[in-house]
Amino acid sequence: MSVALIWVVSPTSELCNRLGFLETTKLAALSKSRSFLRDRKIKNLGKKHKCKSCYMNADFKGVWGLSHGKRQELVSKVVANPSGELAVSSEQLVYDVVLKQAALVKEQMRNKEDIEVKPDIVLPGSLGLLNEAYERCGEVCAEYAKTFYLGTLLMTPERRKAIWAIYVWCRRTDELVDGPNASHITPKALDRWESRLEDLFNGRPFDMLDAALSDTVSKFPVDIQPFKDMIEGMRMDLRKSRYKTFDELYLYCYYVAGTVGLMSVPIMGIAPESQAPTESVYNAALALGIANQLTNILRDVGEDARRGRVYLPQDELAQAGLSDEDIFAGKVTDKWRNFMKKQIKRARSFFDEAQQGVTQLSSASRWPVWASLLLYRQILDEIEANDYNNFTKRAYVSKPKKLVSLPVAYAKSLVPPSRSGALSKAMDI
Ligand SMILES: CC(C)=CCC/C(C)=C/CC/C(C)=C/CC/C(C)=C/[C@@H]1[C@@H](COP(=O)(O)OP(=O)(O)O)[C@]1(C)CC/C=C(\C)CC/C=C(\C)CCC=C(C)C
Ligand SMILES: [Mn+2]
């Protein structure tokens, strides 16, 4: 769809919903996005700048964190809301969050191998409790995500504990809508979870595990927004079981998984020798979350259908000559195979985008990220190996394949950010 020069955006409730995650900036962000697209269209069209294959203005800094393909998509990807009016795409809205997160940490992280960890203000007896809380987080992480836990052991103790605390908060949030008590979860319960989140960010944790995260966010430049957005994703899961377009699905993936990437970067740290723009690293982290979630969705099509859920773009299903009924019937047909091929290709393109960013992370953080990327990416290969039967066969990576991936990930993690390579790759110059 091409970008219209004159914008007609009405504050329909759907649009407001879609903007809901931009907690602090809501309509301001929309007007920024609108002028961003409009300005580019009016001032820059036809002017050739640094990128040899598109007409992007070099002084629009925000877009340089993106690959050429992504920039092209940004220009063209403006979506129509249900009343047929044009609205800013989810990718654009999410990219505004990326820019904000990058700006927040830029100052603190540049040229520092380690975050300057603030000293503990120790009340008598409280340090022991805090250590216990972190240890418990480590245990939960080891139980649910063994390989990842092993990877975190390579990180500095401060970073490792912080990642465990974030992991546990994410796992608990996910369990609210996916766990054994999911049927009792109401929007009110999610509101309460969100006010607990605010409390812990304000230094008033509710329980031991919250106390660990409360300590982490007091020491690292972590922003509350991705956490709030993850809760928004859980709200979405309560009210929605179909996604009309990829744009809608993208927003869901951002909420439940892209947010994890944004939360993790300030902890993992960017390598001091990295020359890549901070926003390009955040963008890669976002891409890894999206890639993981898309993979998760493709792996779990049958399982989700049995819960009445279809996390696939309805318009793309229709274009492939498929409908919900075909998914509930669970028959692998040529139409299904062709549809799946396209979905897998898209998930891989997000992994590709993420890979460019892993090298920019601080050296000790690269291994766990490479390991999780390679392991998750291989689930896509397994879906292919199962001849696209994701209705009744669960694609998984075998133990031997996992074992082979670990040294491969380690070798990749030894590659330092190249001074010119990374930058020009990120900028497409
Ligand atoms: C190294 C590493 C992977 C760090 C992230 C650690 C972390 C805080 C993980 C939290 C994961 C979590 C519990 C998320 C809650 C929502 C959820 C469950 C999402 C799905 C994860 C997969 O879980 P699982 O297979 O168990 O799914 P089921 O619930 O069983 O269906 C997700 C698919 C999303 C996970 C997303 C990530 C791990 C994002 C990774 C991105 C980074 C770590 C940024 C790396 C930085 C760059 C520059 C690439
Ligand atoms: Mn889950």
Side-chain angles (χ1 to χ4, degrees), residues 65 98 101-102 137 140-141 143-155 159-160 162-179 182 213 216 222 226-227 229-231 233-234 237 252-271 274 276 278-300 303-304 307 309 311 347 350-362 364-377 379 394-397 409 413 417 422 426:
V98 166
Q101 297 301 304
C137 290
V140 174
C141 189
E143 195 177 320
Y144 283 91
K146 217 166 258 128
T147 318
F148 163 64
Y149 171 80
L150 288 177
T152 61
L153 297 180
L154 276 191
M155 297 171 141
R159 284 183 175 162
R160 173 195 314 154
I163 283 287
W164 291 345
I166 292 183
Y167 178 86
V168 166
W169 186 87
C170 292
R171 181 48 70 197
R172 288 171 107 189
T173 306
D174 185 59
E175 287 283 302
L176 293 176
V177 292
D178 258 3
L213 185 58
T216 289
V222 179
F227 293 83
D229 287 347
M230 182 178 275
I231 299 175
M234 305 304 144
D237 250 333
Y252 172 73
C253 292
Y254 160 68
Y255 281 146
V256 300
T259 48
V260 180
L262 302 189
M263 295 167 193
S264 307
V265 175
I267 312 291
M268 308 239 169
I270 299 175
S274 168
T278 310
E279 50 272 27
S280 75
V281 183
Y282 271 87
N283 209 55
L286 165 73
L288 185 51
I290 304 277
N292 283 348
Q293 190 60 33
L294 289 175
T295 303
N296 204 285
I297 285 171
L298 298 178
R299 181 192 65 189
D300 296 344
E303 202 180 305
D304 288 335
R307 297 190 302 148
R309 309 196 145 267
Y311 294 101
F350 281 101
F351 278 117
D352 291 344
E353 196 172 337
Q355 285 181 205
Q356 299 175 23
V358 189
T359 316
Q360 310 303 319
L361 293 174
S362 66
S365 303
R366 293 200 285 266
W367 189 46
V369 177
W370 269 120
S372 81
L373 188 154
L374 295 179
L375 292 177
Y376 236 79
R377 194 182 173 131
I379 296 176
R394 187 180 165 96
Y396 73 97
V397 181
S413 74

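The residues of the chain are indexed from 1 along the displayed sequence. Both ligands and their constituent atoms are indexed starting at 1 by order of listing.
Contacts between Asp174 and ligand 1 below 4.0 angstrom, taking non-hydrogen atoms only, involve the side chain exclusively.
Of the inter-residue distances, the one linking Cys170 atom SG with Leu213 atom CG reads 8.5 Å to the nearest 0.5 angstrom.
The closest non-hydrogen atom to atom 6 (C) of ligand 1, taken over Trp370, Phe148, Trp367, comes from Phe148. Nearest-heavy-atom check against atom 20 (C) of ligand 1 across Gln355, Arg299, Gln293 picks out Gln293. Comparing Val369, Ile290, Thr259, Val256 against atom 45 (C) of ligand 1, the shortest heavy-atom distance belongs to Val369.
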* side chain to side chain contact (heavy atoms under 4.5 Å, CB included) between Gln360 and Ser280, intermediate numbers included -> CA-CA 9 Å; Gln360 310 303 319; Ser280 75; 5.6 Å; no
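Not one N or O of Asp178 is nearer than 3.5 Å to an N or O of ligand 1, by distance alone. Considering backbone and side-chain atoms alike, Arg171 places an N or O below 3.5 Å from some N or O of ligand 1.
With respect to Asn292, the side-chain contact (heavy atoms from CB on, under 4.5 Å) criterion is satisfied by exactly one of Leu288, Leu294, Ile290: Leu288.
Although no hydrogens or angles enter the test, the distance criterion places no donor-acceptor pair under 3.5 Å between the side chain of Arg309 and the main chain of Asp304. Proximity of a side-chain donor or acceptor of Arg299 to a complementary backbone N or O of Ala395 within less than 3.5 Å is not detected. Listed for the Ser362 side chain is a donor-acceptor partner under 3.5 Å among the backbone atoms of Met268.
Using a 4.0 Å cut-off between charged side-chain N and carboxylate O, Arg377 and Asp352 make a salt bridge.
Across all non-hydrogen atoms, the minimal contact from Met155 to Pro368 is CE-CG, 4.2 Å.
Using a 4.0 Å cut-off to heavy atoms of Gly357, the atoms of ligand 1 that qualify are 48 (C). Ligand 1 places these atoms under 4.0 Å from at least one heavy atom of Asn296: 22 (C), 24 (P), 25 (O), 27 (O), 31 (O), 33 (C). Per-residue contacts place Ser372 under 4.0 angstrom from the following atoms of ligand 1 (heavy atoms of the residue considered): 3 (C). Taking every heavy atom of Ile166 and a limit of under 4.0 angstrom, the matching atoms of ligand 1 come to 8 (C). Short contacts between ligand 1 and Val281, defined as distances under 4.0 Å to a heavy atom of the residue, involve ligand atoms 48 (C).
Contact between Tyr376 and ligand 1 is present, with at least one heavy atom of the residue lying under 4.0 Å from the ligand. Heavy atoms of Met268 approach ligand 1 to within less than 4.0 angstrom.
Taking the six-membered ring where tryptophan is involved, the planes of Phe148 and Tyr167 are tilted, since the angle between them lies from 30° to 60°.
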